[in-house]
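These notes concern the structure reproduced below.
In what follows, chains are A, B, ... by sequence order, proteins preceding strands, each numbered from 1.
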Amino acid sequence: MTLNTASKGAAIDIRGVSKTYGSFTALDDVSLRVEPGEFMSFLGPSGSGKTTTLNLIAGFTDLSAGEIRLDDRSIGNVPAHKRNIGVVFQHYALFPHMSVAQNVAYPLKQRGVAKTERARAVDQALQKVQLEHFSHRFPSELSGGQQQRVALARAMVFTPSLLLMDEPLGALDKKLREVLQLEIRRIHRELGSTFVYVTHDQEEALVLSDRIAVFNKGRIEQVGSGHQLYTRPETLFVGQFIGESSVLRGNHLTNGSDTALTVAGTTLIAPGQAQGDGAHVILLRPENLTVQPTGTGARDGATNIINGTVREMLYLGAAMKYEVTLADGSHVIARTPTQDEPFAIGSAVELAWNPKDGTLLADDGSTAGHEG
Amino acid sequence: MPNTSAQHAARGPLYLTLPALAVLLLVMAVPLGVIVLRSFSEPELGLANYVWFFQTKVNLTVLLRTFSISFWVTVCCVLAAYPYAFAMSVAGPRLRLALIMCVLVPFWVSGVVRTLAWVILLQDSGVINRTLLSLGFDKVRLIRTQLGVTIGMTQVLLPFMIMPLYAVMRSIDLRLLQAARSLGAHPVKTFFQIYLPLSLPGVFAGATIVFILALGFYITPLLLGGPQSTMLSTLIQQQVLSLLNWGRGGAMGVVLLVATFGILAIASPFMKRKYQMSGGSR
Amino acid sequence: MKLNLPKLLLGLTCLLIAIWLVAPTLVVIPMSFAGQKSLAFPPKGFSLQWYENFFTNPQWFGSLIVSAKVACMVAVVATVVGTMAAIGIERMKGRAGGLIRAVLITPMIVPGVVLAVGIYAVYLDTQLVGTWIGYVLAHTLLAIPFVVIAVGANLAVFDARLEIAAASLGASRLSTFFSVTLPLILPGILSGALFAFVTSFDEVIVSLFITSPQLKTLPVQIFSSMTRDADPTVAAVGSLIFLGTSVIIGLGLIFGMKGRRT
Ligand SMILES: Nc1ncnc2c1ncn2[C@@H]1O[C@H](COP(=O)(O)OP(=O)(O)O)[C@@H](O)[C@H]1O
Ligand SMILES: [Mg+2]
């Protein structure tokens with residue numbers, strides 16, 4: 001398999017799509033374009049509308065408003081079984097009364113593929129997921145990881161140009177999940193199809209995807225590569241959902257091209273202008289912070305300095321993690337290279353960082369802590 | 001000490017079942033034993049009663065009719081119960097409750113009373129016939145016919161078909177149908193290739209129960225039927241109570257007993273749920 | 001949902017079946033108010049005489065009392081015996097449990113008339129025909145399967161580790177049973193008792209054989225009335241039974257649902 005297969009992927013164009021259940025809005029005017037051959041992840045907390053979006057693409061539910069186009073054809077009137085989209089479910093959805101081989105052959109049978117060709121394709125698909133020796137087993141005789149591999153083989157055996165996966169690894173343990181993540185990446189490269197992958201695990205999304213769409217409360221907050229989302233979050237929700245972060249809240253004043261924020265009596269500078277009059281925050285990544293003895297002052301452009309007390313210190317091998325409490329009671333997490341003489345718990349310290357490493361964001365009320 | 005308590009723990013469960021087993025022994029095993037014994041020993045030792053049974057044309061006619069009525073009742077029950085149980089398994093909680101009520105209420109109302117209702121409806125001057133007449137059709141004889149018996153028995157036995165079918169259907173993961181559709185199967189094919197095979201154990205379980213219960217039906221055929229629709233149970237009762245011929249009645253009873261348990265034994269492998277229905281996400 | 005036509009068809013089919021299940025039984029209600037002694041439908045006139053007859057005629061009312069007494073005794077005996085058996089089966093290791101369970105359920109399957117003839121033969125020899133104990137024994141036999149199934153279903157979802165936990169907290173076997181096991185399987189026991197009561201209250205085939213003019217149950221009285229003449233009193237009885245049953249099942253379902261939710 002070589003690069004030219006990448007042309008097989010389908011483009012998805014989601015335009016102003018909404019979905020309501022009675023008076024409840026599960027999806028609110030969502031628009032998104034997925035490029036051919038792209039690996040796109042839908043990331044967001046449970047209930048944010050990821051599955052709903054996937055079901056709309058697959059044709060399991062009807063749109064309330066908007067349009068979905070596949071390779072520039074509207075698919076609103078195409079029934080699910082004619083969309084030619086592979087779907088992998090979290091619950092596997094293997095047919096319990098059919099063997100592994102029969103399950104994988106099922107989509108080919110529906111398409112009237114001749115018997116010999118069918119057998120060949122099934123073998124090939126099972127080889128791809130390393131289950132060629134299990135073809136006569138029944139689903140109940142397989143482990144969870146094996147069942148999910150069968151589901152994967154079944155969804156790709158008819159070479160759909162688009163493969164949808166809804167938390168396919170959600171029911172598996174961490175170790176197995178990592179193994180299968182690698183396999184899914186490999187299969188994506190080999191097939192060249194477009195993949196849309198739903199997960200609530202940000203690490204999984206970062207590992208797998210070309211781009212990530214972050215869902216929250218029925219809307220897409222931001223779409224971008226993992227790096228973009230991590231370094232340039234556009235909303236506080238995204239900043240907090242992706243990676244570790246600390247949030248400083250305070251009153252803000254415009255200060256030339258930057259913004260000054262008064263946090264616990266200290267004035268801190270953040271790049272860019274505040275949007276509107278609402279409350280703003282500074283989002284900080286732990287690795288951008290320096291922990292230093294009180295009174296050390298600015299060094300190497302780290303001109304934002306604030307005092308605090310070490311509340312917790314964790315030794316992580318190559319790095320150390322500090323949790324520092326500020327005067328206003330908020331907590332900040334800092335990660336530093338391992339020091340020979342770490343700060344003791346309870347000692348007074350200074351946190352310092354370069355103003356351009358902080359991100360100024362409107363306070364949307366979201367709080368830290370996402371499921372892993 | 002641990003030894004004795006372990007022994008006690010091992011024997012405990014058996015003691016708990018003894019009272020129930022004693023009731024079964026006294027009120028079922030002994031009486032059935034008496035029946036079997038008499039069928040071989042009255043009026044004299046030998047197979048005479050069985051020879052008589054299988055050489056008398058009337059008996060064979062009734063035996064055949066018993067099977068054929070039971071068969072048609074079973075077929076009707078399957079056809080009616082399948083869509084009903086399916087609706088029960090996909091309905092929302094309120095509708096499901098209503099559907100269950102409709103099954104349970106007649107199920108619990110005494111069989112005699114329900115048969116009385118059918119007598120009223122099916123009689124020659126009953127509602128059905130009057131409706132037919134007013135629509136310009138001819139009168140149909142319903143009461144004292146096999147048709148009438150079949151109609152009544154189907155209604156009485158329908159709950160026995162619906163309940164096991166519903167139990168199996170409820171355990172079928174409807175998301176499998178979604179999966180099948182994503183793999184390119186037309187909804188109609190999805191039903192025949194996925195849903196139907198998975199629901200078959202329920203069909204077999206219900207059909208078996210209905211069939212063997214129908215074989216032994218007594219009250220409904222007696223009240224709704226006539227001489228042309230006598231079933232085996234009525235014949236047994238006549239032999240014992242009217243003719244006081246315990247031997248022949250016993251032999252008939254043994255035939256019915258053997259047929260019932262024979263069918264149960266043959267059918268039971270098909271009633272097992274072969275597949276684990278659960279997905280992986282639990 | 002685009003599946004409107006199939007959905008509509010399914011709904012219509014189910015409606016017809018529901019009517020077919022319930023409506024025939026409802027026919028007895030108008031019949032019970034008939035003005036004349038006839039079972040022709042629809043009834044002519046209106047009167048309460050059949051209800052009056054039921055409650056004043058000793059033949060009818062006496063048989064109701066007999067049936068109620070027998071059913072109560074059966075409910076107690078069958079529930080105790082059946083619950084014990086269900087617990088024993090659940091605790092049994094290996095295939096023995098399944099075997100005993102299968103044996104205990106056979107009374108449901110044995111053809112009624114065959115069983116009735118056998119019991120009649122034995123009762124004739126032991127002078128049990130037309131006796132209280134005769135009825136209770138026979139009905140208990142028929143009720144045991146329902147209790148075993150109902151309680152067994154409840155025990156199957158009962159978490160046996162709770163008993164171990166109770167033991168680890170110092171409870172004796174007996175006190176574990178009464179403080180932990182019994183409260184948790186009570187719904188099963190109650191529904192088993194209800195099943196047992198109704199089984200006995202409804203039983204007609206065996207009762208027809210072992211009945212006597214002095215001690216007659218209600219179904220036997222209904223049956224003989226139906227075969228003798230067209231007396232609308234049976235319709236009155238049927239209506240009362242229908243009413244009682246609906247109330248009991250309705251309450252059972254409502255409380256059952258509530259219990260499951262907590
Ligand atoms: N069939 C339905 N009826 C009513 N509400 C629904 C239905 N399906 C989903 N929802 C609601 O829509 C919201 C989004 O659900 P979903 O897309 O499944 O979220 P997730 O991001 O966890 O996959 C949830 O609040 C859910 O409760
Ligand atoms: Mg979801």
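- Interface summary for chain B: among C:Val22, C:Ile17, C:Val80, the most heavy-atom pairs under 4.5 angstrom belong to C:Ile17.
- Taking chain B as the reference chain and counting heavy-atom pairs below 4.5 Å, the highest number among C:Ala121, C:Gly238, C:Ala18 is found for C:Ala121.
- Counting heavy atoms of neighbouring residues, nucleotides and ligands inside a 6.0 Å radius, atom CZ of C:Arg95 does not exceed 12 of them.
- Contacts between residues 140-152 of chain C and chain B, defined by a heavy-atom separation under 4.5 Å, are made by C:Thr140, C:Leu141, C:Ile144.
- B:Phe261 CZ: more than 12 foreign heavy atoms inside a 6.0 Å radius.
- Among all heavy-atom pairs drawn from B:Ala87 and C:Cys14, the shortest one is CB-SG, 3.3 Å.
- Heavy-atom distances place both the backbone and the side chain of C:Val81 under 4.5 Å from chain B.
- The CZ atom of B:Phe86 lies 11.5 Å from the OG1 atom of C:Thr13; values are rounded to the nearest 0.5 Å.
- At least one side-chain heavy atom of C:Val117 sits less than 4.5 Å from a side-chain heavy atom of B:Trp246.
- Identified by a heavy-atom distance below 4.5 Å to chain B, the contributing residues of residues 108-115 of chain C are C:Met108, C:Ile109, C:Val110, C:Pro111, C:Gly112, C:Val113, C:Val114, C:Leu115, in residue-number order.
- Contact of B:Phe217 with chain C is not made at all, since no heavy-atom distance falls under 4.5 Å.
- Per-residue heavy-atom pair counts under 4.5 Å with chain C were compared for B:Ala29, B:Ser233, B:Gly253, and the maximum is reached by B:Ser233.
- With a 4.5 angstrom heavy-atom cutoff, B:Leu223 touches chain C only via side-chain atoms.
- One finds the CD1 atom of B:Ile35 at 12.0 Å from the OH atom of C:Tyr120 (value rounded to the nearest 0.5 Å).
- Contact detail for C:Val103 and B:Leu24: the closest heavy-atom pair is O-CD2, 3.2 Å.
- Contact annotation for B:Ile151: both backbone and side-chain heavy atoms come within less than 4.5 Å of a heavy atom of chain C.
- Contacts between C:Leu218 and chain B at a heavy-atom distance below 4.5 Å are absent for every atom of the residue.
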request  = Might you work through the side-chain contact (heavy atoms from CB on, under 4.5 Å) test for C:Val77 and B:Val23, ending with a clear yes or no?
outcome  = CA-CA 10 Å; C:Val77 178; B:Val23 173; 5.9 Å; no

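- B:Thr260 touches chain C through its side chain: at least one heavy atom from C-beta onward sits under 4.5 Å away, while N, CA, C and O do not.
- Both the backbone and the side chain of C:Thr25 come within less than 4.5 Å of a heavy atom of chain B.
- Contacts of C:Leu194 with chain B are made by both backbone and side-chain atoms, with heavy-atom separations under 4.5 Å.
- In terms of heavy-atom pairs under 4.5 angstrom with chain C, the leader among B:Leu158, B:Ile212, B:Leu215 is B:Leu158.
- Among B:Arg38, B:Met101, B:Gln155, the residue making the largest number of heavy-atom pairs under 4.5 Å with chain C is B:Gln155.
- Enclosure of atom CD1 in C:Ile133 is not indicated, since only 12 or fewer non-hydrogen atoms of other residues, nucleotides or ligands lie within 6.0 angstrom.
- For the options B:Ile162, B:Leu241, B:Leu116, B:Leu256, heavy-atom pairs under 4.5 Å to chain C are most numerous at B:Leu116.
- Minimum interatomic distance between B:Ala20 and C:Leu104 (heavy atoms only, all atoms of both residues): CB-CD2, 3.8 Å.
- At a 4.5 Å heavy-atom cutoff, the contact between C:Val204 and chain B is made by side-chain atoms alone.
- Side-chain contact between B:Leu26 and C:Val122: absent, with no pair of heavy atoms (C-beta onward) separated by less than 4.5 Å.
- The distance from atom CG of C:Leu39 to atom CD of B:Gln123, rounded to the nearest 0.5 Å, is 7.0 Å.
- B:Tyr84 OH to C:Leu15 CG: the interatomic distance, rounded to the nearest 0.5 Å, is 9.5 Å.
- Of all the listed residues (C:Ile222, C:Thr199, C:Ile241, C:Val198), the one sharing the greatest number of non-hydrogen pairs under 4.5 Å with chain B is C:Val198.
- Proximity to chain C is limited to the side chain of B:Val240, based on heavy atoms less than 4.5 angstrom apart.
- One distance of note links OG1 of B:Thr17 with CE of C:Met92; it measures 4.5 Å at 0.5 Å rounding.
- Classified by interplanar angle (parallel below 30°, tilted 30° to 60°, perpendicular above 60°), the ring pair C:Phe209/B:Tyr218 is tilted.
- The side-chain heavy atoms of B:Pro83 and C:Leu9, taken from C-beta on, include no pair separated by under 4.5 Å.
- Counting heavy-atom pairs under 4.5 Å between each of C:Ala138, C:Gly97, C:Ser246, C:Pro107 and chain B puts C:Pro107 at the top.
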task = Check step by step if side-chain contact (heavy atoms from CB on, under 4.5 Å) holds for B:Trp118 and C:Val27.
result = CA-CA 9 Å; B:Trp118 280 111; C:Val27 165; over 6 Å; no

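- Here the side chains of B:Val27 and C:Tyr123 are in contact, with some heavy-atom distance below 4.5 Å.
- Heavy atoms closer than 4.5 Å to chain C are found nowhere in B:Leu95, neither backbone nor side chain.
- Nearest heavy atoms, B:Leu16 versus C:Arg91: CD1-NH1, 4.5 Å.
- For chain C, the nearby parts of B:Val103 are the backbone and the side chain; heavy atoms of each come within less than 4.5 Å.
- The shortest side-chain heavy-atom distance between C:Val237 and B:Val113 does not fall under the 4.5 Å cut-off.
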